[in-house]
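The structure under discussion appears below in the form of structure tokens.
Note that the coordinates shown come from a computational prediction; the quantities given were computed from them, not determined experimentally. What you see below is based on every heavy atom in this structure, not just the backbone, and it leaves out hydrogens, waters and symmetry mates.
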Amino acid sequence: MQQLTDSPLLRGLNSPQHQAVTLPAEPALILAGAGSGKTRVLTTRIAWLISTGQVSPYGVLAVTFTNKAAREMLARLGGMLTVNLKGMWVGTFHGLCNRLLRAHHRDAALPSTFQILDSQDQLSAMKRLLKAMNVDDQKFPPRQVQSFINNAKEQGLRPQQVDDADGYNRKFVEIYQAYDDQCQREGVVDFGELLLRSVELLKRSDALRGHYQQRFGHLLVDEFQDTNPLQYEWLKLLSSPATGVFAVGDDDQSIYAFRGADVQNMHRFKREFAVAHEIKLEQNYRSCGHILDAANALIANNTGRLGKNLWTDAGSGEPIRVMESASDMLEAYWLVDEIRNLVAEGRARSEMAILYRSNAQSRVIEQALFNAGIAYRVFGGLRFFERAEVKHALAYLRLMENPHEDTAFLRVVNFPTRGIGARSIEQLQDQARQRGISLYAAAEYLEGKAGGAVRAFVSVIESLRFETQGLALKEMVAAMLDRSGLIRHYETEKEGRERIENLQELVNAAAAFLAEERFSPEAPANLGVSGANDDDTGLIGSPLSMFLSHASLEAGDNQASEGQDAVQLMTIHSAKGLEFYAVFLTGLEEGLFPHENSISEPDGLSEERRLMYVAITRARQRLYISMAQTRMLHGQTRYNLRSRFLEELPQETLRWLTPRVDNRWSGAGSSGALAEASPAGRWVRQGMGDRGSASPSFQKPAIAGHTHDSGFYVGQAVRHSRFGDGVILALEGSGSEGRAQVNFKRDGPKWLALGVAKLEAAD
DNA sequence: CTACCAGTCCTTTTT
DNA sequence: GGACTGGTAG
């Protein structure tokens, strides 16, 4: 047994980490605080299990939420072990479900060529369906239907299982059913379906379930707090009483409830799996003391926590710097200033992050950085496989694989234009509906000129399908680009250069994809299950089908130009899991952060607080927190109060860069104080940068706003007979028709019709 | 079919 | 403010 705990793998682990890594094969919950070495524990655990011979790679299943996390885990394992890791199931929930369904497609009632719809595809399929069903899309907006269906699937519910007691829900349920039917007809599955179908498959087939339960002696789950009920069920089905389920998570970092994640799963897990080992990783290796003190104090305001306190032996470090600016623009210019200082101190720009609650906040900041000539990088936005031209190309490839997928068909049947208009499409859809066949198959029944045009398209696909057989994936893609006319189309387009480059990149991606050799065939499992693919570990489908899965499941990088030393801009959500030398946490304002919508949601405020906790713990050395008194939002200037979260931080961890004034609006008072602390001249700079057009001429914004013809003005202190004192945040309309948004001291912001409400100036 | 305009909406996001 | 949608005119 000595050698089990003496492995060089375990060197350098602290005591709880060591304990976690070397736990016996029993259900365990590892509460891993931010920066406590979570990934290290997870990967070392796997490496330790394998290197001590307790399990073979074949018996390990490790699941994550993102491809990035899965890749990192594999890379680290590769560095720790010399054994062949190919048989191991490491991947995202969706990736592993795809693998499972491909291997057992017949049991799952799916064609071997089933395609995966990403959210975009799902939405267009939805729109098509609603049209065909003659549903009023004002009453049932496609996006809303989509999220209804996705929510249901996340809860593991089929249409029949959704509560449709009230009439409104009934229509949604009916659409849900029709949508599922359509998907089944076309041989496509959406993201939620990958999970749900897998769960149903495992539930239904004792043999399959038994096989996998026996195979996977160890299940390891990353970011357990982010699991939804369906994923939880999936894990449960894959585990037997003998399975070593190793769940790693942090309830304080649960920030994805809005997409179905349920922290309660952690409590459920403890109960239902009879967790024998609960280990807390509380020593933080990332941030200095003040930052951790602030994070601990903040999160202590939440209730129902599993309980955890971060500590460090690195010392208190620097205090958190707090800045209050008069406007969002001035906040941005202060950021520029501070970043310049840090750069002057020799800090890399890539070691600085500017975080915000919502994407809309990035615009002003980007403008300021751009004008100042500071390189920056914004996370989020379109990813490679989501680009229109790439999606078009993928649609051709999908039709080659599965011609009956109407979504792909409609996407490219007339792209590039082939003279197939809305009329022809409608006729084709009529034919397809009458005969209960796909659009592709319906082409031969279409008469007249339209029929000829559609058949010409079909024959392009046909010839691609058959003439590229046996070709390497790369050649297939290249042939498709040529025969489809996509390249020629973009050659004639003004902005086509970049698109052609992206299509070229797709060829490269195809070439690189196979080179990676991610699945190597190995001894197939003999399941003795009827219809089961006899190979549940090796190649799953043709190279093309694997490439298409890859394209759907991994949309590619969502960050601009890597490599350059640039300041990182992102939402707090996308900063989770990352760390930086310096973090600028911006927009700490009531209504923005915590977001106003969250106030009315159950547990919404706690989730916002966890988000704040995540944000704080991203910083290693330096944390700046900033807010703006005025902010342009939805085309109007809003007056915001300081975020309540700021008040929850211990004062001794903070250093105010501007005087700390009462968190209350009192007309011109606070603007005066601020003007004194930050003379306008400091912020209004001339000739900021040589890029862009005219150099910016920002003026100090008028805090008081301008007088409205109602006699009220934004920023004005007012009194209401019932609600008491407040400040006008916004005005709309005019005269007695107008309405005002007033932030009341007691009840918070409210909209009041000026013609009705008795509102009077308070001073 | 494209181009333009008005109306609407507006947290967070991975797969 | 601005991205996106749906409608209509050319």
Side-chain angles (χ1 to χ4, degrees), chain A residues 63-70 91-98 116-123 127 131 137-138 141-144 147 150 153-154 189-196 198 222-223 226-228 230-231 254-261 328-329 355-364 367 379-383 385-386 414-425 493 549-558 570-577 587 589 591-601 604 607-608 610-612 614-615 631-638:
Chain A
V63 64
T64 62
F65 277 86
T66 65
N67 291 297
K68 195 176 155 210
T92 62
F93 279 100
H94 295 86
L96 297 181
C97 285
N98 180 45
I116 300 165
L117 299 185
D118 67 16
S119 317
Q120 265 181 56
D121 302 331
Q122 188 189 27
L123 187 64
K127 286 179 180 166
K131 217 174 195 174
D137 57 4
Q138 299 288 94
R143 276 180 197 286
Q144 212 173 310
S147 83
N150 290 341
K153 289 190 180 183
E154 275 153 16
V189 296
D190 57 45
F191 288 135
E193 187 71 22
L194 281 170
L195 258 302
L196 184 49
S198 301
D222 192 17
E223 307 276 17
D226 288 339
T227 53
N228 64 34
L230 187 57
Q231 288 157 337
S254 163
I255 56 173
Y256 285 114
F258 70 92
R259 64 174 200 214
D328 47 355
M329 226 182 267
L355 308 184
Y356 33 81
R357 173 72 237 271
S358 64
N359 287 304
Q361 287 165 253
S362 78
R363 232 195 77 249
V364 192
Q367 216 164 43
F379 280 63
L382 266 200
R383 289 132 101 221
F385 286 111
E386 291 168 353
N414 198 36
F415 193 94
T417 29
R418 301 185 171 86
I420 302 169
R423 253 187 355 270
S424 314
I425 299 289
E493 218 181 47
S549 291
H550 167 76
S552 303
L553 292 174
E554 183 162 4
D557 259 347
N558 70 347
M570 66 191 86
T571 63
I572 301 168
H573 280 92
S574 31
K576 188 167 161 227
E589 297 141 36
L592 198 63
F593 192 23
H595 196 277
E596 52 197 349
N597 294 1
S598 72
I599 311 287
S600 54
E601 283 164 19
E607 175 125 332
E608 294 287 299
R610 291 192 289 267
L611 195 52
M612 177 74 180
V614 167
R631 186 176 292 278
M632 202 54 159
L633 204 64
H634 309 327
Q636 58 174 311
T637 305
R638 293 191 22 158

Under 4.0 Å, heavy atoms only, any strand: does A:Asp226 hit a base, just the sugar-phosphate, or nothing?
nothing
5' to 3', nucleotides 1-11 of chain B under a 4.0 Å protein heavy-atom cut-off (B base, S sugar-phosphate only, - none) gives S--------BB
Rounded to whole Å, please give me the gap between CG in A:Asp118 and C1' in B:dT13.
14 Å
Ring geometry between A:Phe385 and A:His550 (parallel below 30°, tilted from 30 to 60°, perpendicular above 60°)
perpendicular
Starting at CZ of A:Arg143 and ending at C1' of C:dC4, how long is that distance when rounded to a whole Å?
9 Å
Between A:Ser119 and A:Gln122, do the side chains contain a donor N or O and an acceptor N or O under 3.5 Å apart?
no
Interatomic distance, A:His94 NE2 vs B:dT13 P [rounded to whole Å]:
17 Å
Assigned chi class of B:dT11 under the 90° convention is syn
Regarding A:Arg357 and A:Glu608, does a basic nitrogen lie under 4.0 Å from an acidic carboxylate oxygen?
yes
Figure out the CE/P separation between A:Met632 and C:dG1, and round it to whole Å.
5 Å
Once you round it to whole Å, what is the distance between C1' of B:dT15 and CG of A:Asp222?
15 Å
Quickly work out the A:His573 NE2 to B:dT13 C1' distance and round it to whole Å.
8 Å
Taking only side-chain nitrogens and oxygens of A:Arg259, does any of them come within less than 4.0 Å of OP1 or OP2 of B:dT15?
no
Could you give the CZ-to-C1' distance, from A:Arg363 to C:dG2, as a whole number of Å?
8 Å
Roughly, in whole Å, what's the span from CG in A:Asn67 to P in B:dT13?
17 Å
Would you indicate whether the side-chain heavy atoms of A:Leu195 and A:Lys153 approach each other to under 4.5 Å?
no
Reckon A:Ser552 touches a base, only the sugar-phosphate, or nothing at all at heavy-atom distances under 4.0 Å?
nothing
What does A:Phe93 touch in the nucleic acid at a heavy-atom separation under 4.0 angstrom: a base, only the sugar-phosphate, or nothing?
nothing
Donor/acceptor link under 3.5 angstrom from A:Thr92 side chain onto base of B:dT14
no
Run the salt-bridge test on A:Asp118 and A:Arg383 with the 4.0 Å N-O cut-off and return the result as yes or no.
no
Can a donor-acceptor pair be found, under 3.5 Å and without considering hydrogens, that links the side chain of A:Ser600 to the backbone of A:Asn597?
yes
Distance (rounded to the nearest 0.5 Å) between A:Asp190 CG and A:Leu194 CG:
7.5 Å
